[in-house]
Protein chains: 2
Amino acid sequence: MPKSHRKAQTGPPEPIHRIKADFFRTLGHPTRVRILELLRDGELTVGELQTKLEIDSSGASQHLGAMRRQGLLDSRRAGTSVYYRVRDPRTFQLLETARQLISSHLEETHALLGELDDSGEAPRKVGTKG
Amino acid sequence: MPKSHRKAQTGPPEPIHRIKADFFRTLGHPTRVRILELLRDGELTVGELQTKLEIDSSGASQHLGAMRRQGLLDSRRAGTSVYYRVRDPRTFQLLETARQLISSHLEETHALLGELDDSGEAPRKVGTKG
DNA sequence: CATTAATCTTATCATTTTCTAAGATATGCT
DNA sequence: AGCATATCTTAGAAAATGATAAGATTAATG
């Protein structure tokens with residue numbers, strides 16, 4: 001039915017979906033994904049993470065802070081050091097499911113590349129220019 | 001050990017983590033999360049999604065395209081309409097795990113709020129200003 | 001209290017993402 | 001072909017995000 005151009009947003013911005021989107025967006029940075037993987041085997045200090053990630057203290061603090069605010073990480077202080085750890089082990093399950101999804105998409109993509117020589121033409125889906 | 005400021009990135013930007021981050025970033029928008037939830041019970045046309053989401057065709061196409069490129073969605077054309085569906089059901093498992101993680105964080109946050117009246121002061125974690 | 005080490009914060013700028021508007025393509029129909 | 005509907009693409013403005021640099025806190029130690 002919708003045919004015309006320009007149609008403005010109307011209702012409230014669906015806060016539930018915004019919360020979920022914020023959660024995923026927090027995971028949407030290579031350094032932050034790496035931090036989670038580094039913390040798979042237990043807690044590490046900011047300094048240790050800094051070294052492994054090869055970033056400065058500002059970057060480390062900012063990324064860690066974002067993930068702590070999002071509830072992904074927990075921290076405790078010991079002297080001048082601060083240890084971070086993953087708060088909920090289900091976070092790793094999430095990462096694993098994501099890995100599977102990405103993996104099967106990559107395989108599919110790879111399979112399609114092979115068909116370029118075989119079955120006549122590229123089996124283009126809608127919107128994929130040939 | 002690291003004490004000094006400024007330390008530049010050195011090695012390659014870890015493409016594996018970039019790929020994972022891109023995946024999560026694709027999920028990092030309220031409209032895109034909503035699209036996945038709307039497609040939980042099966043495929044819908046762009047026009048149907050447009051109506052339910054109250055967005056214009058440009059926005060719909062852009063979001064759908066991003067998710068199709070990421071391998072989250074699949075599409076098929078039927079006449080002038082295009083039907084979109086979620087490619088892999090594990091995507092819903094991912095959403096469910098995310099929901100659980102968000103939920104338990106919200107509960108924790110809520111519990112902390114309650115303590116403001118009881119146990120003297122706000123039990124501030126590292127870095128939370130009082 | 002001064003010093004040092006570790007972490008956090010703020011400000012600014014560059015980059016990326018999203019929104020909006022306009023138009024281009026594709027399909028079906030007469 | 002000409003027209004209508006649905007979807008996609010592009011371009012530029014606006015908003016959000018990330019990188020960098022400088023400095024502020026916090027805690028331990030002499």
Side-chain angles (χ1 to χ4, degrees), chain A residues 1-10 13 18 21-22 24-35 44-51 53-70 73 75-84 124-130, chain B residues 1-10 13 17-18 21-22 24-33 35 44-51 53-70 73 75-84 124-130:
Chain A
M1 279 53 163
K3 66 154 189 189
S4 69
H5 280 300
R6 75 221 70 162
K7 178 166 193 183
Q9 300 280 38
T10 31
R18 176 113 88 114
D22 288 346
F24 285 120
R25 196 174 299 196
T26 300
L27 295 171
H29 191 290
T31 298
R32 295 197 286 268
V33 170
R34 266 189 95 191
I35 287 172
L44 291 175
T45 68
V46 177
E48 289 167 335
L49 286 166
Q50 230 175 285
T51 300
L53 296 166
E54 302 186 274
I55 60 178
D56 62 22
S57 75
S58 175
S61 272
Q62 286 174 166
H63 287 304
L64 290 168
M67 291 201 283
R68 186 164 48 64
R69 264 175 261 121
Q70 188 51 251
L73 300 182
S75 62
R76 75 182 171 88
R77 174 154 232 145
T80 64
S81 297
V82 176
Y83 285 84
Y84 278 85
R124 45 179 283 204
K125 299 280 182 175
V126 173
T128 301
K129 262 187 194 146
Chain B
M1 287 6 186
K3 67 156 188 184
S4 68
H5 280 301
R6 77 219 68 159
K7 177 164 192 183
Q9 298 280 37
T10 32
H17 300 105
R18 175 115 85 115
D22 287 347
F24 285 120
R25 196 175 301 190
T26 300
L27 294 172
H29 191 290
T31 299
R32 295 197 286 269
V33 170
I35 287 172
L44 291 175
T45 68
V46 176
E48 289 167 335
L49 287 166
Q50 232 175 284
T51 300
L53 297 165
E54 303 187 271
I55 60 178
D56 61 21
S57 75
S58 174
S61 272
Q62 287 175 164
H63 287 304
L64 291 167
M67 290 201 283
R68 186 161 50 61
R69 263 176 262 121
Q70 188 52 253
L73 301 183
S75 62
R76 74 181 171 88
R77 176 153 230 144
T80 64
S81 297
V82 175
Y83 285 85
Y84 277 85
R124 44 178 286 206
K125 298 279 185 176
V126 173
T128 301
K129 259 182 200 154

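All values derive from a computational prediction rather than experimental measurement. The chains referred to below are lettered A, B, ... by the order of the sequence lines, with proteins before strands, and numbering in each begins at 1.
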Exercise. In terms of the nearest nucleotide of DNA chain D, which residue is placed more toward the 5' end: A/H29 or B/Y83?
Worked result: B/Y83
Problem set entry | Per B/S57 side chain, nearest of listed nucleotides C/dT7, C/dA6, D/dC8 | D/dC8
Exercise. What nucleotide among D/dT9, C/dA6, C/dT27 has an atom nearest to a side-chain atom of B/S61?
Worked result: D/dT9
For this session: Find the distance A/Y84:OH to C/dA6:C1' and express it as a whole number of Å.
Result: 12 Å
Problem set entry | A/S81 side chain, from C-beta outward: closest of C/dT7, D/dA28, D/dT5 | C/dT7
Problem set entry | Rounded distance (Å) that lies between atom P of D/dG18 and atom CG of A/L27 | 12 Å
Seminar exercise, completed: On DNA chain C, more 5' by nearest nucleotide between A/T80 and B/G79 is A/T80
Exercise. Minimum heavy-atom separation for A/S75 to A/Y84, with atom names?
Worked result: CB-CE2, 3.7 Å
Problem set entry | Any donor-acceptor N/O pair under 3.5 Å between D/dA21 base and A/S58 side chain | yes
Exercise. Quick one: which of C/dG28, D/dA16, C/dT7 gets closest to the side chain of A/Q50?
Worked result: C/dT7
Exercise. For the pair made of CZ in B/R25 and C1' in D/dA16, what is the distance, rounded to whole Å?
Worked result: 11 Å
Problem set entry | Separation of C/dT18 P from B/I35 CD1 (nearest whole Å) | 12 Å
Exercise. Can B/L73 and B/I35 be said to form a side chain to side chain contact (heavy atoms under 4.5 Å, CB included), step by step?
Worked result: CA-CA 10 Å; B/L73 301 183; B/I35 287 172; 4.3 Å; yes
For this session: Take the protein atom CG of B/L49 and the nucleotide atom C1' of D/dA6, then report the distance between them rounded to whole Å.
Result: 13 Å
For this session: Let me know, please, whether A/R32 or B/R69 comes out on the 5' side of the other along DNA chain D by nearest nucleotide.
Result: B/R69
For this session: Please state whether the rings of B/H29 and B/H63 are parallel, tilted or perpendicular, taking 30° and 60° as the class boundaries.
Result: tilted
Exercise. Quick one: which of D/dT26, C/dT27, C/dT10 gets closest to the side chain of A/R77?
Worked result: D/dT26
Exercise. Does a side-chain N or O from A/H63 land closer than 4.0 Å to OP1 or OP2 of D/dG18, or not?
Worked result: no
Problem set entry | Distance (rounded to the nearest 0.5 Å) between A/S61 OG and A/D56 CG | 9.0 Å
Seminar exercise, completed: Rounded to whole Å, the CG-P distance (A/L53 to C/dA6) equals 17 Å
Problem set entry | Length of the line joining B/L64:CG and C/dT18:P, which is rounded to integer Å | 14 Å
Exercise. Choosing from D/dT10, C/dT27, D/dT20, which nucleotide comes nearest the side chain of A/Q62?
Worked result: D/dT20
For this session: List in chain and number order the residues that pass side-chain contact (heavy atoms from CB on, under 4.5 Å) with A/T26, two or more places apart in sequence or in another chain; answer none if no residue qualifies.
Result: A/R32, A/M67, A/Q70, A/L72
For this session: Take the protein atom CG of B/D22 and the nucleotide atom C1' of D/dT17, then report the distance between them rounded to whole Å.
Result: 14 Å
